[in-house]
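Accompanying notes for the structure given below.
This one's a predicted model, so the numbers in the text were calculated from it and none came from an experiment. Keep in mind that the numbers below use all heavy atoms, side chains included, and drop hydrogens, waters and symmetry copies. Note on naming: letters A, B, ... go to the chains in the order of the sequence lines (proteins, then strands), and numbering restarts at 1 for each one.
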Amino acid sequence: MIVINFLKELGRYFIMLGTAFSRPEKFSMYYRETMRQMNDIGVGSLIIVCVIAVFIGAVTAVQFAYQLEGNLIPMYYIGYIVRDSTIIELAPTITCLVLAGKVGSNIAAEIGGMRQKEHIDAMEIMGVNTAAYLIMPKVIAALVVIPMLVALAAFVSVIGGYLAAVPGGLMSHSDYVLGVRSFFVERNITIMFIKAAVFAFILTSVSSYQGYYVQGGSIELGKASTNAVVFSDILILLADYLIAVLLT
Amino acid sequence: MIRTEDLHKSFDGVEVLKGITTEFYQGKTNLIIGRSGAGKTVLLKLLVGLFRPTSGRVWYDDVDLYSLNKKQLRNIRMQVGMLFQGSALFDSMTVEENVRFPLDMFTNKTRKEKLDRVNYCLERVNLEGVNSKFPSETSGGMQKRVGIARSIVLGPKYLFCDEPNSGLDPKTSIVIDELIKSITEEQNITTVINTHDMNSVMEIGENIVLLSNGQIAWRGNKSEVLTSDSDTLRDFIFASPFLQKLRSTALEKE
């Protein structure tokens with residue numbers, strides 16, 4: 001029974017995606033909606049992403065300084081470790097887990113609320129492809145702005161590491177900068193952007209799915225919003241593992 | 001004209017509609033009435049294609065609604081306007097943007113042409129100077145009127161209204177009823193109204209279908225309501241002692 005239900009949900013998810021990525025009724029309307037979503041997802045998440053990124057970098061720096069204490073490994077490695085761990089793992093994963101909470105729950109609640117208030121029915125009757133109009137702009141907007149947010153998070157994390165390590169007296173300015181500039185592998189940036197794009201797709205499409213098919217009242221809407229975050233987080237971590245296996 | 005042919009609909013094995021065959025005429029206000037749970041909303045949603053029937057057909061003139069592919073269905077739906085029970089206005093848009101939405105989505109009119117059309121529709125429903133207000137800043141009656149303006153902005157051939165008077169005071173209900181009736185006559189459209197408002201039945205009921213337990217229990221018009229010998233209709237219409245007394249008085253006068 002659980003397997004059958006899972007397959008049903010999976011099938012409905014892919015049918016929704018198929019409907020969502022069909023030809024727009026009017027390009028200008030979709031473009032406007034995509035811009036609005038970019039603003040909501042991107043600009044609306046800037047502060048939280050930066051705050052989290054500062055602490056990710058700071059904590060990484062402090063903890064690696066603690067690990068390296070008394071070892072023969074040079075301290076400038078802290079800069080190198082902060083840079084690579086944030087670029088490959090922490091910036092895309094933590095940022096997207098946080099965005100699944102912030103943006104994902106928002107998307108599920110917004111679309112679910114529209115379903116409950118008959119807005120979606122109203123659009124359907126007008127002849128609008130609601131899956132496309134409500135979901136495609138969100139996914140496209142996320143695919144564009146979330147990699148930018150992740151890149152920003154990686155950059156801010158390195159600064160966070162600096163703020164914790166240098167003024168905190170763990171190491172000198174020149175050691176940290178030397179570490180950040182050492183052993184740079186360009187491919188890691190590609191992995192970061194691949195992860196960011198995959199996670200962006202997961203968190204927007206899964207949240208949209210949860211909202212689009214919501215039935216019932218406010219309790220169900222709350223559940224849909226929670227499910228959006230929980231399922232997005234699990235799938236992001238699963239995808240993180242798969243990308244790590246495939247690309248590293 | 002809209003015609004239904006032996007329409008059945010079940011949910012989880014429970015049959016809600018049991019073979020509805022009826023007609024809704026062009027240029028007339030067609031009413032679907034019945035108690036709560038009689039299947040009115042299900043029938044309306046089947047008529048607009050939001051639900052698919054278990055069996056049976058719905059004809060829009062000579063087009064079978066359920067035989068259409070997605071593109072054809074979308075084309076038909078562009079000829080359909082619908083007023084929802086809760087108005088279903090988009091909260092994040094102003095009144096003007098709400099009414100303009102179908103024009104933005106489906107036409108290539110210039111900004112001025114769209115604005116003229118929006119203003120015409122708002123004037124038609126006696127709403128002026130509210131273009132920049134948000135739905136939350138307007139009353140229930142105004143929201144219904146904005147809903148009507150939005151549903152007629154593309155010049156539909158078919159208009160559906162789900163409980164247009166719910167939550168409105170009697171006087172505003174009469175205004176909304178008269179508005180729907182005048183628009184129906186003026187634009188010669190097929191209007192189907194789902195209601196259990198007795199005022200609407202007696203004021204604008206040109207073709208009335210009474211649903212009871214998922215079946216048609218009575219059909220007629222407002223002038224036949226008072227004299228009908230259908231027990232189901234009597235139970236429904238004259239539910240209160242006051243209305244029963246009123247009916248007796250009317251019959252005595254006859």
Side-chain angles (χ1 to χ4, degrees), chain A residues 5 8 12 15-16 18-37 39-41 44 106-107 109-134 136-138 141 211-218 221, chain B residues 11 41 44-45 47-51 65 68 70-93 97-109 111 114 135-136 143 146-148 150-154 156 158-163 166 192:
Chain A
N5 279 342
K8 264 188 194 169
R12 202 162 63 153
I15 288 170
M16 181 202 78
T19 317
F21 288 92
S22 52
R23 192 183 153 83
E25 293 89 359
K26 197 155 186 206
F27 183 77
S28 60
M29 288 291 280
Y30 281 66
Y31 174 77
R32 206 180 305 161
E33 183 61 14
T34 306
M35 290 296 135
R36 191 175 76 83
Q37 293 298 334
N39 183 53
D40 287 357
I41 298 171
N106 193 336
I107 288 174
E110 181 188 322
I111 298 180
M114 291 183 78
R115 169 70 73 193
Q116 289 182 336
K117 288 198 247 169
E118 296 182 308
H119 293 177
I120 293 183
D121 285 348
M123 284 189 189
E124 285 279 344
I125 285 166
M126 285 174 203
V128 177
N129 178 352
T130 52
Y133 183 66
L134 296 175
M136 186 166 43
K138 289 180 174 60
Y212 193 73
Y213 289 108
V214 76
Q215 280 180 330
S218 52
L221 185 58
Chain B
F11 293 100
T41 302
L44 200 73
K45 288 193 173 181
L47 290 177
V48 294
L50 284 176
F51 286 160
L65 185 68
L68 302 176
K70 274 188 179 175
K71 198 179 170 191
Q72 290 167 324
L73 184 63
R74 209 162 289 159
N75 290 337
I76 277 280
R77 279 183 169 166
M78 284 170 64
Q79 300 171 31
V80 170
M82 182 154 178
L83 173 64
F84 284 84
Q85 191 171 353
S87 300
L89 300 178
F90 309 133
D91 310 319
S92 59
M93 296 182 190
E97 287 165 345
N98 262 287
V99 180
R100 204 180 63 208
F101 183 83
L103 294 171
D104 284 339
M105 191 59 103
F106 298 110
T107 68
N108 290 317
K109 288 177 191 283
R111 199 171 171 76
K114 284 183 207 166
S136 58
Q143 287 179 16
V146 176
I148 295 173
R150 185 177 67 182
S151 61
I152 61 168
V153 76
L154 285 178
Y158 313 97
L159 180 64
F160 297 90
C161 306
D162 187 14
E163 307 273 7
S166 72
V192 182

Top contributor to chain B interface from A:Met29, A:Glu118, A:His119, A:Met123 [non-hydrogen pairs under 4.5 Å]: A:His119
Interface moiety of B:Asp91 toward chain A, non-hydrogen atoms closer than 4.5 Å: both
Heavy-atom proximity to chain A below 4.5 Å, by part of B:Leu89: backbone
Taking every non-hydrogen atom, the tightest pair across B:Arg77 and A:Glu124: CD-O, 3.1 Å
Residue pair A:Ile120 / A:Thr130: nearest heavy atoms and the distance that separates them: O-CG2, 3.5 Å
Expected output: side-chain A:Gln116 to main-chain A:Gly217 donor-acceptor under 3.5 Å: yes
Lys/Arg-Asp/Glu bridge criterion (N-O < 4.0 Å) met for B:Asp104, A:Lys26: no
Chain B contact via A:Thr19 - which portion, at a heavy-atom distance below 4.5 Å: side chain
Per-residue contact mode, A:Met126 against chain B (heavy atom under 4.5 angstrom): both
Matching residue for B:Leu83 among B:Ile152, B:Ile148, B:Leu159 - test: side chain to side chain contact (heavy atoms under 4.5 Å, CB included): B:Ile148
